[in-house]
There are 2 protein chains.
Amino acid sequence: MTYLPQPETEQIAFANVLTALGDETRLAIIGLLARNEENPMSCGQFSGVGSKTGLSYHLSKLREAGVVHVRPEGTKRYVSIRRADLDQRFPGFLDSIIATAQHLPMPREEAQSTAD
Amino acid sequence: MTYLPQPETEQIAFANVLTALGDETRLAIIGLLARNEENPMSCGQFSGVGSKTGLSYHLSKLREAGVVHVRPEGTKRYVSIRRADLDQRFPGFLDSIIATAQHLPMPREEAQSTAD
DNA sequence: TCCTTAGTTCAATGATTATTGAACAATTGA
DNA sequence: TCAATTGTTCAATAATCATTGAACTAAGGA
């Protein structure tokens with residue numbers, strides 16, 4: 001039902017990926033996702049990065065550009081980096097992004113009101 | 001005189017670099033610059049990529065983000081990638097960008113006969 | 001000096017962006 | 001069924017973006 005649109009592997013456009021990553025909030029999301037790439041994160045786990053509404057916005061940007069995949073499960077949505085697709089289309093790119101994103105400061109240190 | 005502002009090496013912000021590169025016209029510029037990285041190109045040599053005014057706009061975006069350096073000489077301005085600075089700040093990143101940008105189609109086919 | 005070359009700046013335009021709070025939808029558990 | 005959890009959508013706002021043509025500056029050559 002709620003099928004979340006994302007580009008096919010071959011449709012991922014480099015400029016769109018770069019634009020999606022060109023934002024401190026979204027770089028922080030990628031940095032967190034990369035910290036444990038095998039484990040998809042639910043949206044709530046990003047609460048340190050921004051507001052609930054803002055995260056929904058930024059995560060959809062990343063998804064629509066083809067950077068992340070979102071899998072609904074119950075009321076939650078599990079987000080993961082599209083590692084295989086990005087490596088296939090743009091070899092070496094994702095690793096260089098992650099290497100830098102990992103060491104970037106968080107854009108905001110403020111958690112949400114409903115946080116844990 | 002016309003001193004062209006660009007960030008110091010340490011001031012180059014990753015999100016700004018990504019935003020600057022997240023545009024097809026600017027990716028095309030990088031692709032051309034990378035084709036012969038030792039030889040800086042004058043603005044006119046990019047005429048295949050866009051209009052004179054548009055190029056001035058996009059080149060200043062790349063310069064202000066810290067992606068390219070611009071050296072004025074006479075009435076011309078010679079543009080080059082800030083290879084050493086980018087490699088120092090974001091290892092592997094520039095190479096992965098160039099690898100992809102090299103094989104991207106031109107945003108517009110209204111090229112002049114700018115055959116090198 | 002006058003003209004050409006090379007590129008910038010300006011103003012106007014329409015499009016896209018990020019952010020906010022309020023309202024909404026869907027699922028789960030009591 | 002009711003309430004809590006999880007996350008999206010909507011509308012409004014202010015900011016930035018990319019594109020255009022006209023006007024402009026600066027340097028060089030005749």
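Lettering of chains follows the sequences in order, A, B, ..., and the numbering in each one begins at 1.
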- Query: What is the distance from CD of A:E64 to C1' of C:dA18, rounded to the nearest Å?
  - Reply: 14 Å
- Task: Taking all heavy atoms of B:L62 and all of B:A20, pick out the closest pair and write down the distance.
- Result: CD2-O, 3.9 Å
- Hey, are A:H69 and A:R82 close enough side-chain-wise for a donor-acceptor pair under 3.5 Å? no
- Item | Interatomic distance, B:L62 CG vs C:dG7 P [rounded to whole Å] | 15 Å
- Between CZ of B:R71 and P of C:dG7 the distance, given in whole Å, is 12 Å
- Any side-chain N or O of A:S56 under 4.0 Å from OP1/OP2 of D:dT8? yes
- Can you tell me how far P of D:dG7 sits from CD1 of A:I29, to the nearest Å? 12 Å
- Query: With a cut-off of 6.0 Å (strictly less than), are more than 12 heavy atoms of other residues, nucleotides or ligands near CD of A:E10?
  - Reply: yes
- Query: Whole-Å distance between C:dA6 P and B:E73 CD?
  - Reply: 13 Å
- Task: Please round to the nearest 0.5 Å and tell me the distance separating atom OG of A:S56 and atom NZ of A:K61.
- Result: 12.0 Å
- Would you name the heavy atoms of B:L55 and B:G50 that are closest together and state the gap between them? CD1-O, 3.6 Å
- Item | For A:F90, ring pair (Phe, Tyr, Trp, His ring centres under 6.0 Å) partners two or more places apart | A:F14
- The answer to which of A:G54 and A:G74 contacts DNA chain C further toward the 5' end, by nearest nucleotide, is A:G54
- Is B:E24 salt-bridged to B:R26, going by a charged N under 4.0 Å from an acidic O? no
- Message: Under 4.0 Å, counting only non-hydrogen atoms across every strand here, what does B:K52 touch: a base, just sugar-phosphate, or nothing?
- Response: base
- Report yes if a side-chain nitrogen or oxygen of B:R77 is closer than 4.0 Å to either non-bridging phosphate oxygen (OP1 or OP2) of D:dA26; otherwise report no. no
- Can you sort out which residues in residues 37-46 of chain A have a heavy atom within less than 4.0 Å of DNA chain D? Ascending by number, please. A:S42, A:C43, A:G44
- Message: Tell me whether A:R35 at atom CZ has more than 12 heavy atoms from other residues, nucleotides or ligands lying less than 6.0 Å away.
- Response: no
- Regarding the side chain of A:T53, the nearest nucleotide among D:dA27, D:dC10, C:dC10 is D:dC10
- C:dT8 P sits how many Å from B:L59 CG, rounded? 7 Å
- Is a salt bridge present between B:D85 and B:R89, judged by a nitrogen-to-oxygen distance below 4.0 Å? no
- Message: What is the distance, to the nearest angstrom, from the NZ atom on B:K76 to the C1' atom on C:dT5?
- Response: 9 Å
- Query: What integer distance in Å separates A:Y78:OH from C:dT27:P?
  - Reply: 15 Å
So which protein nitrogen or oxygen atoms get under 3.5 Å of nucleotides 12-18 of chain D's nitrogens or oxygens?
| from | atom 1 | to | atom 2 | distance (Å) |
| --- | --- | --- | --- | --- |
| D:dC17 | OP1 | B:K61 | NZ | 3.4 |
| D:dC17 | OP2 | B:K61 | NZ | 3.0 |
| D:dA18 | OP1 | B:R26 | NH1 | 3.2 |
| D:dA18 | OP1 | B:R26 | NH2 | 2.8 |
| D:dA18 | OP2 | B:R26 | NH1 | 3.3 |
| D:dA18 | OP2 | B:Y57 | OH | 2.4 |

